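Below, chain A is the first sequence line, B the second, and so on; all start at residue 1. Nothing here was measured: the structure is a model prediction, and the numbers come from that model.
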There are 2 protein chains.
Amino acid sequence: MLDEPESKPSRRYRGESQAERQSGRRERLVAAGLKVFASIGYRAATVRQICVEAGLTERYFYESFASKDDLFIAVYAHCVERVGAALFVALEAADDTPEAKARAVLSAYFGEIERDPLFARVLLIEVLSLGPNLDHVYREAMDLFSVHLQTDTPELFPRVSADKGRTEILAAGLVGAIVHVAMRWVLSNFRRPREEIILGLLDLLLAASR
Amino acid sequence: MLDEPESKPSRRYRGESQAERQSGRRERLVAAGLKVFASIGYRAATVRQICVEAGLTERYFYESFASKDDLFIAVYAHCVERVGAALFVALEAADDTPEAKARAVLSAYFGEIERDPLFARVLLIEVLSLGPNLDHVYREAMDLFSVHLQTDTPELFPRVSADKGRTEILAAGLVGAIVHVAMRWVLSNFRRPREEIILGLLDLLLAASR
DNA sequence: GAATATTGACAGGATTTATTGTCACATACA
DNA sequence: TGTATGTGACAATAAATCCTGTCAATATTC
């Protein structure tokens with residue numbers, strides 16, 4: 001109990017160091033979690049099932065995550081990061097007009113969603129199953145989206161820049177509109193073409209900016 | 001098995017008929033469900049707890065509901081009905097201008113939410129915990145809201161009435177904006193005054209209508 | 001007042017799932 | 001090649017909760 005000699009037996013295994021193996025397992029679990037959560041839903045998913053999908057055993061699950069909730073948070077964070085990166089790239093490349101910026105946001109967002117329906121399902125739907133202890137996860141992601149919208153595309157909020165509160169509500173409303181339409185789109189199995197959805201929301205964004 | 005003699009022993013008890021008692025119990029369970037779901041969350045709520053709150057035993061739970069899911073659907077339907085009625089009344093009383101209609105919708109909606117935070121929590125947050133088998137419940141409620149917005153307040157969609165699809169997306173977007181802002185408001189414990197929220201969304205609704 | 005429907009309290013089986021533990025096998029290093 | 005460590009399959013414990021069944025107490029009708 002007194003002197004733990006750091007116990008560093010760490011040795012390479014299959015060409016990977018201890019840390020590499022561990023983070024590899026973690027990634028596999030995150031990927032498996034994404035797949036299982038999206039396929040059968042958060043509630044129905046079991047730790048065992050996720051481990052089978054990852055080709056690992058429960059023991060390694062608890063090596064990286066404390067619980068199913070914990071894993072979901074990691075999976076969700078992964079999704080948020082991914083869509084954030086896509087938005088960033090698209091915004092960098094876009095012209096500096098309100099319309100170009102708005103279109104860039106919508107194109108990137110809905111593009112990512114359509115590219116990978118499993119990812120979309122976690123990002124938009126399964127996250128809602130978390131319950132009240134973890135709703136802050138969703139809320140924080142939405143807030144981040146909202147803040148980015150305000151700072152990265154100020155072109156969309158030219159007016160009431162004096163009234164900060166009003167702008168915040170407007171931004172939250174726009175985020176809500178985008179996310180909600182996206183959710184319906186996913187749940188409808190992408191019935192309408194992406195471009196149609198984008199044009200519909202573009203109307204709303206541009207109307208709000210004027 | 002062949003002839004069930006309808007077994008109608010039905011007799012009055014405490015001044016109520018069989019049907020009255022049963023529906024009374026059902027109502028008590030719905031009320032208790034609302035309270036418990038809103039207080040500790042859908043996931044954490046147990047059938048037993050709800051029964052205690054209702055002053056009934058599990059046996060009567062299963063008399064009216066097949067499962068916790070089933071009860072929640074009833075609770076949620078109750079909430080939707082309630083907010084629907086409030087919207088109906090408010091819209092009847094409002095003038096026929098876009099602004100009056102929009103304000104009526106927002107006032108009624110956020111008024112109901114503020115009046116009863118437990119109700120609001122179920123309507124806006126707990127419903128998201130249902131998981132993928134039951135997401136249609138939420139979606140249908142949103143669709144209903146969206147359709148009502150289009151039919152009851154056509155003043156808000158004066159433009160592209162030719163392009164039906166576009167109008168639908170716009171309506172869905174507005175519903176998403178309203179619901180999302182409402183959710184944030186509830187989660188923030190009504191930090192801002194209601195009127196401020198309403199004004200912010202009014203901006204958006206009126207901008208979209210022009 | 002007797003018979004019977006109705007209710008309320010409670011117990012307990014059954015099921016599900018998380019979480020920890022054991023053991024044989026595979027891999028790397030001396 | 002031998003030994004210690006990493007890994008994977010699987011068992012077993014533990015806990016939670018659903019759902020059903022029993023039984024005595026209560027209310028109503030005849």
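- For B/Arg26, there are no salt bridge (Lys or Arg N to Asp or Glu O under 4.0 Å) partners, not counting sequence neighbours.
- With sequence neighbours left out, the salt bridge (Lys or Arg N to Asp or Glu O under 4.0 Å) criterion links B/Glu155 to no other residue.
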Show me the donor-acceptor pairs, under 3.5 Å and distance only, between side chains in residues 103-110 of chain A and residues at least two apart or in other chains.
unit_1   : atom_1 : unit_2   : atom_2 : d
A/Arg103 : NH1    : A/Glu195 : OE2    : 3.2
A/Arg103 : NH2    : A/Glu195 : OE2    : 3.1

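- Applying the side-chain contact (heavy atoms from CB on, under 4.5 Å) test to B/Glu53 and every residue at least two apart in sequence or in another chain returns B/Ala32, B/Lys35, B/Val36.
- A heavy atom closer than 4.0 Å to some atom of DNA chain D occurs in B/Thr46, B/Val47, these being the qualifying members of residues 27-47 of chain B.
- Taking A/Glu27 as the reference, nothing meets the salt bridge (Lys or Arg N to Asp or Glu O under 4.0 Å) condition, with sequence neighbours excluded.
- In this structure, the CD atom of A/Gln49 is 12 Å from the C1' atom of C/dT17, given to the nearest Å.
- Identified under the salt bridge (charged side-chain N to carboxylate O under 4.0 Å, His left out) test for residues 69-81 of chain B, with sequence neighbours left out: A/Arg43-B/Asp69.
- Residues passing the salt bridge (Lys or Arg N to Asp or Glu O under 4.0 Å) test with B/Glu20, sequence neighbours excluded: B/Arg12.
- Residues in residues 175-189 of chain A take part in these salt bridge (charged side-chain N to carboxylate O under 4.0 Å, His left out) pairs, two or more places apart or across chains: A/Arg184-B/Asp143.
- Residues passing the side-chain contact (heavy atoms from CB on, under 4.5 Å) test with B/Gln150 are B/Ser146, B/Phe157, B/Thr167, B/Glu168, B/Ala171, sequence neighbours excluded.
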Please list, for nucleotides 27-30 of chain D, all pairs of protein and nucleotide N/O atoms separated by less than 3.5 Å.
unit_1 : atom_1 : unit_2  : atom_2 : d
D/dA27 : O4'    : B/Tyr13 : OH     : 2.9
D/dA27 : N3     : B/Arg11 : NH2    : 3.4
D/dT28 : OP1    : B/Arg14 : N      : 2.4
D/dT28 : O3'    : B/Arg12 : O      : 3.4
D/dT28 : O2     : B/Arg11 : NH2    : 3.1

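- Within residues 54-74 of chain B, the residues that have a heavy atom under 4.0 Å from DNA chain C are, in order of number, B/Leu56, B/Thr57, B/Arg59, B/Tyr60.
- Between A/Phe72 and A/Tyr76, the ring planes lie parallel to each other; the angle is under 30°, not in the 30° to 60° tilted range.
- When distances are taken from the side chain of B/Arg21 to each of C/dT7, D/dA11, D/dC19, the shortest belongs to C/dT7.
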